[in-house]
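First the structure, in the form of structure tokens, and then the observations on it.
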Amino acid sequence: MIKRFLHSMSRHDRILSTLSKKLEANKIELYNDSDKHAHHAAMKSLEDKNETHFRLNIISPKFSGLTRVARHRLVYSSLKDEFENGLHALQITSAKTPQEIEKQ
Amino acid sequence: MSVEISSIDQFQEILQKDNEQAILLNFYAPWAAPCQQMNQVFDQFAKDTPEATFLKIEAEKFSDIAESFDVTAVPLFVLIHGQKVLARISGANPQKLKSAIDEYIRPIIQQSSTTPSTGAPDVNVGSVQTNAVPSGAKAANGLDVETDNRLRTLTNAHDIMLFMKGTPSEPACGFSRKLVGMLRERNVQYGFFNILADDAVRQSLKVFSDWPTFPQLYIKGEFVGGLDVVAEMMETGEFQEMLT
């Protein structure tokens with residue numbers, strides 16, 4: 001029942017929900033860039049053209065001690081289902097821990 | 001013997017001259033390890049099959065020829081007979097090439113002469129060894145051992161390997177285009193592989209790298225990251241350090 005409910009949410013909301021749960025994110029900024037890519041050949045046949053490309057800033061304590069690549073991998077693997085169901089790209093412009101943000 | 005094409009005229013002459021013989025083209029890049037290995041294989045097959053014409057064409061040098069044969073990734077082997085393309089064999093796979101020679105060239109030879117076929121011997125090319133039938137063995141990441149080995153070779157083809165959508169001169173996606181631009185800005189020498197031209201590599205590399213998207217950058221055989229990671233590393237100077 002819960003899975004069906006989740007799928008009736010938009011991908012945008014699903015990503016927010018998954019990341020805040022799995023990564024205990026303190027802050028998530030999620031932008032939908034799909035309209036910039038809607039003209040791609042690969043996108044033309046997709047039904048859900050408007051939820052294919054996203055951009056993300058995220059702050060999470062789970063990034064502590066992880067290299068950049070490891071942090072991005074953590075985000076990607078928590079969204080594995082989305083990638084298998086039409087999410088084409090997720091740009092990660094910033095993935096920091098709360099401590100790193102405070103130091104800035 | 002295999003012939004290295006040195007001019008477009010030479011190529012056209014050979015193509016127009018002999019309609020009887022089968023012609024096998026080898027599109028390669030000299031900086032790519034899989035091509036270096038397959039060139040050895042190719043030369044050996046050429047020696048064993050004197051009744052067919054074996055031509056080596058440096059794809060980047062003769063980009064017009066490469067374009068007319070729709071070359072998007074190297075090595076690519078194109079089998080021609082009577083001005084028609086009979087087969088295209090993509091990738092560094094000696095067995096696949098041998099099978100194509102046996103399937104297409106030998107019948108042509110037998111038609112036009114009475115020379116008995118000698119059979120090409122197996123050629124061991126070290127890390128590009130593949131079996132005709134997959135052994136069923138799996139690597140730790142879940143891929144077949146053969147696929148895993150192939151990707152290992154591919155990711156080591158150049159010190160810096162970019163797996164991208166499209167080619168550096170014609171990127172097919174904005175992220176790949178950006179990464180190509182960043183590498184060009186810093187005068188970085190790199191090898192590339194167009195994953196749009198090879199779906200097997202496209203899907204298996206996602207598993208091999210444990211990364212769901214392209215472009216992907218490898219340095220000295222190690223996965224470094226996608227556009228975001230590389231962009232950040234270039235800003236902090238980490239990228240330049242990795243090059244030394």
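Worth saying up front: this structure is predicted, and the values here are computed from it rather than measured.
- Applying side chain to side chain contact (heavy atoms under 4.5 Å, CB included) to Arg68(A) and the options Asp228(B), Val229(B), Val224(B) leaves one that passes, Val229(B).
- Contacts between Phe214(B) and chain A at a heavy-atom distance below 4.5 Å are absent for every atom of the residue.
- Here OG1 of Thr213(B) is found 10.0 Å from CD of Gln91(A). Values are rounded to the nearest 0.5 Å.
- Side chain of Arg73(A) to main chain of Trp211(B): no donor-acceptor pair is present (N/O by atom type, distance under 3.5 Å, no hydrogens or angles).
- For Leu90(A), the part sitting under 4.5 Å from any heavy atom of chain B is the backbone (N, CA, C, O) and nothing else.
- Residue Glu84(A) holds its CD atom at 9.0 Å from NZ of Lys206(B), rounded to the nearest 0.5 Å.
- More than 12 heavy atoms of other residues, nucleotides or ligands lie within 6.0 Å of CD in Gln240(B), so this atom counts as buried by the packing criterion.
- By the neighbour-count criterion of 12 heavy atoms within 6.0 Å, atom CD of Glu67(B) is sparsely surrounded, having that number or fewer from other residues, nucleotides or ligands.
- The distance from atom NE2 of His88(A) to atom SG of Cys173(B), rounded to the nearest 0.5 Å, is 9.0 Å.
- In Glu238(B), the CD atom is crowded: over 12 heavy atoms of neighbouring residues, nucleotides or ligands sit closer than 6.0 Å.
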